[in-house]
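Chain letters run A, B, ... following the sequence lines, proteins first, then strands; residues in each count from 1.
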Amino acid sequence: MENSVDLLAGLNNSQKRAVTTVDGPVLALAGPGSGKTRVLTHRIAYLIYEKRVSPSAILSVTFTNKAAREMRERMANLIGERVAEQVTIGTFHSLAARWLRREARSVQLADGWVIYDDDDQQRLMKRLIKERNLPEKTFTARAVLSAISSAKSELLDVATYAKASRSPESRIYAELYAQYQQALRIAGALDFDDLLLYGLDLVRQDRYQQRFRYVLVDEYQDTNKAQYEIVRALSRGFGNIFVVGDDDQSIYGWRGADIRNIRQFEVDFPGAQVIVLPENYRSTQAILDVAQVLIDASPKRAHRKILKAQIPGGEPVLWRDCSDQNDESQRVCDAIDRLVKSGVARYADCAVMYRTNAQSRAFEEALGRRRIPYILVGGMRFYERREVKDLLAWMRLMANPDDDVSLERALDFPNSGIGQSSLTHLQQWARSQAQSVFGAMVAVATDSQAIPALKGAARQRVIAFGAKVHHLRGQVRTLPLNQAFDAVLSETKFTQAIAEMYDDSDADARIENVNELRQVSGEYLVLPVEEQLFRFLEEVALVADVDTLATGEPVERDNRVVCITMHQAKGLEYDNVFIVGLEDELIPHSRTHLFPEQIDEERRILYVGITRARKRLMLSRAQRRMTYGRYEPTLTSRFLKDIPKGMLQVTTGLGSVAPTMTRAQQPSSQSPQYRTWNDTPPVHTPSVSAAPSVEFAVGDRVRHQRFGEGIIMAAKVVDDDVEVLVNFADKVVGEKRLIASFARLEKIL
DNA sequence: CGAAGCTAACTTTTT
DNA sequence: GTTAGCTTCG
């Protein structure tokens, strides 16, 4: 068993303080790479072994499920699996879901409640807007839902929101909010925000305030008001609240996160101790210098931190001005190829980061063409695929037949023969009776007078469909999850329907996804039968794409370049980071240009991206970019002005590569920089591109920052860079094979 | 009732 | 360049 001496070994002084200051409110301001996960896990271990706190009295809240899993693993290493699993760890959403499943009734919630994801919410809201015949251009589901979500994050309920609504337009918003909540209630559904709101109701009950003696919250800068109140309620009993965060990394304001939570922690929790963790164990000083000047240019900050690397110097941060998004992606691939071929890195040590998901496309194409293995994080997630959602809709109906959105999906696929007009009749009746659509189906089946508009074959089909759902539910209730899946699949003839609907290869891929989903269900068989379906549905609704990203030493299968948004990259780190698209329409995003506060958040997004890099960082932009199918000229991101020229090594060598372009799309202008287009080799042949940025020849004398002076023995052009063999004067160094631009070789004349 | 074909509107960022 | 949503036809 570990003792406290071991637990503190290897920690620096501020980390030790953060671990051992256990009583009362504590705020740890943790700069990037400052080892905060380490602090959190060691603190928990310290509480258990030094302070004799029962592990079940400790709660740790993380930002992602992946972080929760990692924390649990690291704790298992530290204190053993048996003890680690008794600590409660999870995200706000997953913890709320877990608790609400057990205690739905104590907050007046239907027992079989389900979670509505983005797509479900959208479908529901579209229906409400359509039912009211509102102009769908002024009232988009997206806009209304976003307003509702902000309201909920601020704890504004329907009544309060309505009271504050003065303009005719906002009154309609308020009414839609009310109708939306009503619809959710009838359907027995909660959206993501509701999880927090109902969760808050729950944890405000007395027993929760006695439950956790110590509460720890990670990424505190990204909490919203509802989460803040949850934290307050949970820590009210004992007052031992420990939060870790960094206001410089607050990037979720758009989702209701309130940066004031962290900035006012000392006000909200009187007597709070503040511990700063400034040491950075991740990046080289060259990278941190860039991060520092960028964040220091931010107008208002509560706590300025000086980023201090444990690794001095380092390779210079590169800047590359590319001609378009294809050129940019090729350059990045070149660099990755070079790093991997020279043995400096594996694919999994490289990450491409961008502001918007749409930017990933060019990189997917380029990486695919080069046969570089990659993984795309975000975009279309597995659980968002049509066939997966269709099957999940059926499974959700098994849990809760009142779930109208799922019922509509299930009616659509596999084709039930019940069309829009029948559905409208059912919906109208359901609305007038404050019931679900399934309730309407039951009414039709039991009362021949109900909904007379449904006649003949249509009526029979409705009855048959209702009976099928009812029958399946009866079966599924007592079945283990994998058999429940089989029952649903065979009863609905699900895979046959896919085979009929899609072309062969497409159908195969989709059936494969269906099988994979069924496969996942196997992980839930260890639970009691009555819990399996619910737990499965909850976790499926709450997994983020990053959650499935491999961690630790990559096995061969995971040795892939990671393509990811800077948002999702928060909390991750890579040896080599390529931040692309540093253009003024992308970062700061054009939608934020009118709002200084939001521009500041954009700056922090870039800061988060930069500080993901351990050893090498390359920044780039495209001078023109394809948007909406048109090439548009771009401007360099304004944030680049805050980085002194001397901090970046500019890599030139303009060349244009536009492999997917057809002749008809080529611009008529024949400016020199585009001249190479006609000579661009076909897609699959390796590109022979522009001249190297710096010329090196055999016999040249060069100087290297660390290795000193030497003579070039051999040189060869690799894509647009030069790989050189240098014989250094220093005999200890001897001969080295180097990539000229990464090694920052200087020619001595 | 459903499939095919057309138009318009569109992309931040996500639990 | 894509996709959702509409119209039209069988």
What is the distance from [atom1] of [X] to [atom2] of [N], rounded to the nearest Å?
X	N	atom1	atom2	answer
A:Phe139	C:dG5	CZ	C1'	20 Å
A:Arg123	C:dA4	CZ	C1'	12 Å
A:Ile418	B:dC1	CD1	C1'	12 Å
A:Gln122	C:dT3	CD	P	15 Å
A:Lys130	C:dA4	NZ	P	13 Å
A:Phe413	B:dG2	CZ	P	13 Å

Assess the side chains of [X] and [Y]: does a donor N or O sit below 3.5 Å from an acceptor N or O?
X	Y	value
A:Gln427	A:Glu408	yes
A:Gln428	A:Thr424	no
A:Gln221	A:Asp246	no
A:Tyr383	A:Asp117	no

Mind checking [X] for me? I need base, sugar-phosphate or nothing, with any heavy atom below 4.0 Å counting as a touch.
X	result
A:Lys126	sugar-phosphate
A:Arg361	sugar-phosphate
A:Ser422	sugar-phosphate

- Task: Inspect the surroundings of NZ in A:Lys225 and state if more than 12 heavy atoms from other residues, nucleotides or ligands are less than 6.0 Å away.
- Result: no
- Task: Between protein and nucleotides 9-15 of chain B, map the contacts as a letter string: B base, S sugar-phosphate only, - none, heavy atoms under 4.0 Å, written 5' to 3'.
- Result: SBBBBBB
- Task: Pick the C1' atom in C:dC6 and in B:dT11, then give their distance to the nearest Å.
- Result: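 It comes out at 22 Å once rounded to the nearest Å.
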- Query: Aromatic rings A:Phe494 and A:Phe413: how do their planes relate, parallel, tilted or perpendicular, breaks at 30° and 60°?
  - Reply: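 Perpendicular.
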